[in-house]
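Any value given below was found using the heavy atoms of this structure, including those in side chains, with hydrogens, waters and symmetry copies removed. All figures in this text were calculated on a predicted structure; none of them were measured in a lab. Each ligand, and each atom within it, is numbered from 1 in the order the structure gives.
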Amino acid sequence: MRANLQSLLRIWLALLGLAFFVSCSQAPQQLAISGETMGTTYHVRYVSANPQHNPERVKEAVDAVLVQVNARMSTYDPNSELSRFNQRLQTTPVVISRALEQVLRRALEIAVESDGALDVTVGPLVNLWGFGPQARPEKVPTDAELAAIRERVGYQLLTLENHQISKQVPELYVDLSTIAKGYGVDRVALLLEQLEIQNYLIEIGGEMRMKGSKPGAEPWRIAIEKPISTERSVQRVVELADAAVATSGDYRNYYERDGVRFSHIIDPHTGKPIQHNLVSVTVITSNCMDADAYATALTVMGPQRALEFAEQKQLAVLLITREEDGFKEHTSTAFARYLQ
Ligand code: ADP
Ligand code: MG
């Protein structure tokens with residue numbers, strides 16, 4: 001009787017063990033989290049079977065990383081490290097955080113590479129043309145107004161040396177909004193790597209980075225939008241395994257006055273909003289900070305120079321221009337591998 005009971009107990013324990021094993025070796029699932037950051041939204045999808053990677057926990061960690069990034073470089077937050085530098089009217093150097101240094105260094109490198117097309121000091125011009133926190137201008141700024149603002153714009157007025165930055169004019173204003181989303185995406189990618197999540201897709205305000213695949217080795221698919229503001233429709237779908245993608249375009253953020261279209265992208269060489277027919281630029285690179293910055297730089301350059309630059313740098317680039325009879329695609333040689 002006693003032996004019987006013991007064997008029953010043994011069978012029962014074995015069954016319990018089996019049930020435990022089955023629940024632990026569950027097939028990896030696709031999980032998703034989302035939230036708000038940098039005046040926009042973020043979405044993260046990832047694949048895991050590890051109970052440690054439950055969405056509440058991952059979201060908490062992602063939010064903490066993004067709060068950190070904002071505390072360094074948000075211009076919306078008057079107390080961020082960057083805002084304090086902008087408010088400071090002295091021209092003596094200040095020591096900056098590693099994060100801010102990393103982003104500023106890259107912004108200045110790409111400014112030089114792009115012959116000033118990317119310029120993180122154009123903020124006052126962005127405001128002058130009505131894309132800042134102030135209301136739209138009643139009329140187009142005069143040449144004198146433009147000249148006065150241009151006195152305090154130019155990346156050459158910003159120096160980064162020995163972990164310190166300084167400005168040559170007290171009113172210099174640095175706005176990293178064209179690179180910070182990409183950097184935020186990269187920081188979230190780093191976090192997921194640290195958590196040993198190997199398959200993911202991260203997106204902040206349209207800038208993305210992905211690794212691996214969905215469950216069942218299904219590739220991540222990215223839709224590049226048609227450059228029209230009235231609806232969201234797909235221009236092209238690309239499959240990516242380990243890459244970052246950013247798109248810049250004037251088709252969503254612009255206004256028209258007297259039949260002229262004003263874009264939120266400023267050509268630092270003229271001090272005015274860009275005027276050409278390049279309406280969308282998509283860049284695929286290995287990190288999202290570069291993709292984000294290059295997308296803006298190429299948008300400033302216009303279609304011809306943008307394609308030349310992409311060839312010279314071997315950047316994978318998809319450009320869309322507005323033509324009389326609709327939109328036209330142009331791709332760089334390095335983009336060919338993403339065309340299906
Ligand atoms: P979006 O993703 O909205 O297209 P971008 O990443 O291209 O935006 O960045 C656009 C923002 O960058 C503008 O709103 C402005 O603040 C700033 N900006 C505009 N022109 C330039 C420029 N030439 N260099 C750097 N930043 C710029
Ligand atoms: Mg961008």
Side-chain angles (χ1 to χ4, degrees), residues 37-42 73-76 82-83 86 103-104 106-134 136 146 149-150 153-158 172-186 203-209 224-225 227-229 232 244-255 261-276 278-283 285 287-302 305-306 309 317-320:
T37 187
M38 304 184 190
T40 183
T41 54
Y42 77 79
M73 53 201 79
S74 167
T75 43
Y76 293 84
L82 184 61
S83 289
N86 283 334
V103 177
L104 277 174
R106 199 66 190 119
L108 292 175
E109 280 168 3
I110 297 179
V112 173
E113 278 178 27
S114 69
D115 189 24
L118 183 81
D119 190 331
V120 293
T121 70
V122 296
L125 291 168
V126 174
N127 294 347
L128 179 72
W129 290 98
F131 292 99
Q134 295 107 322
R136 293 277 141 86
L146 189 59
I149 297 284
R150 294 188 76 185
V153 170
Y155 70 92
Q156 298 94 335
L157 302 172
L158 181 69
L172 192 80
Y173 179 86
V174 178
D175 179 353
L176 295 173
S177 59
T178 190
I179 187 168
K181 278 183 283 172
Y183 176 74
V185 168
D186 289 336
E203 177 260 338
I204 302 179
E207 320 303 14
M208 294 183 245
R209 179 163 165 171
I224 297 168
E225 274 183 37
I228 37 180
S229 52
R232 286 187 185 264
V245 190
T247 299
S248 179
D250 84 336
Y251 55 98
R252 226 168 271 293
N253 201 348
Y254 70 93
Y255 63 92
R261 191 183 171 98
F262 291 95
S263 161
H264 72 311
I265 308 282
I266 303 291
D267 181 349
H269 293 291
T270 62
K272 298 177 182 174
I274 52 165
Q275 284 291 348
H276 48 65
L278 177 54
V279 284
S280 165
V281 175
T282 299
V283 178
T285 53
N287 75 74
C288 201
M289 173 165 69
D290 281 13
D292 202 359
Y294 281 127
T296 305
L298 293 170
T299 300
V300 171
M301 288 178 192
R305 255 194 75 215
F309 184 86
V317 165
L318 168 72
L319 309 180
I320 305 174

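- Between Val126 and Asp175, the closest side-chain pair of non-hydrogen atoms is not below 4.5 Å.
- The contact set between ligand 1 and Pro268, taken as ligand atoms under 4.0 Å from a residue heavy atom, comprises 23 (N).
- Using a distance-only test at 3.5 Å, with no hydrogens or angles considered, a donor-acceptor pair links the side chain of Thr121 to the main chain of Gly154.
- When the options Ala117, Gly206, Gly205 are ranked by their closest heavy atom to atom 22 (C) of ligand 1, first place goes to Ala117.
- Under 4.0 angstrom from ligand 1, the non-hydrogen atoms of Thr178 come from both its backbone and its side chain.
- Residue Ser177 approaches ligand 1 through these ligand atoms, each under 4.0 Å from one of its heavy atoms: 11 (C), 12 (O), 16 (O).
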Candidate pair Leu118 and Tyr294, rule side-chain contact (heavy atoms from CB on, under 4.5 Å), full reasoning
CA-CA 8 Å; Leu118 183 81; Tyr294 281 127; over 6 Å; no
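- With contacts defined as side-chain heavy-atom distances shorter than 4.5 Å, the pair Trp129/Leu146 qualifies.
- No donor-acceptor distance shorter than 3.5 angstrom exists from the side chain of Glu203 to the backbone of Arg209, with no hydrogens or angles considered.
- Close approach of ligand 1 to Glu207 (heavy-atom distance below 4.0 Å) involves ligand atoms 2 (O).
- If you look at Val126 next to ligand 1, the close heavy atoms, those under 4.0 Å, all belong to the side chain.
- The contact set between ligand 1 and Val300, taken as ligand atoms under 4.0 Å from a residue heavy atom, comprises 23 (N).
- Of the heavy atoms in Val122, only side-chain atoms (C-beta onward) come closer than 4.0 Å to ligand 1.
- Short contacts between ligand 1 and Ser248, defined as distances under 4.0 Å to a heavy atom of the residue, involve ligand atoms 4 (O), 7 (O).
- To the nearest 0.5 Å, atoms CG (Asp290) and CD1 (Ile179) are separated by 7.5 Å.
- Compare Ile266, Thr296, Ile110, Asp292 by their heavy atoms: the one nearest to atom 23 (N) of ligand 1 is in Ile266.
- In this structure, Asp186 contributes its side chain and Met289 its backbone to a donor-acceptor pair below 3.5 Å.
- Taking every non-hydrogen atom of Asp119 and a distance limit under 4.0 Å, the qualifying atoms of ligand 1 come out as 22 (C), 24 (N), 25 (C), 26 (N).
- In this structure the side chain of Asp292 never reaches within 4.5 angstrom of the side chain of Val185, judged on heavy atoms.
- No donor-acceptor distance shorter than 3.5 angstrom exists from the side chain of His264 to the backbone of Gly130, with no hydrogens or angles considered.
- Listed by number with element, the atoms of ligand 1 under 4.0 angstrom from any heavy atom of Lys181 are 2 (O).
- Under 4.0 angstrom from ligand 1, the non-hydrogen atoms of Asp175 all belong to its side chain.
- Interface atoms of ligand 1 facing Leu118, defined by a heavy-atom separation under 4.0 Å, are 24 (N), 25 (C).
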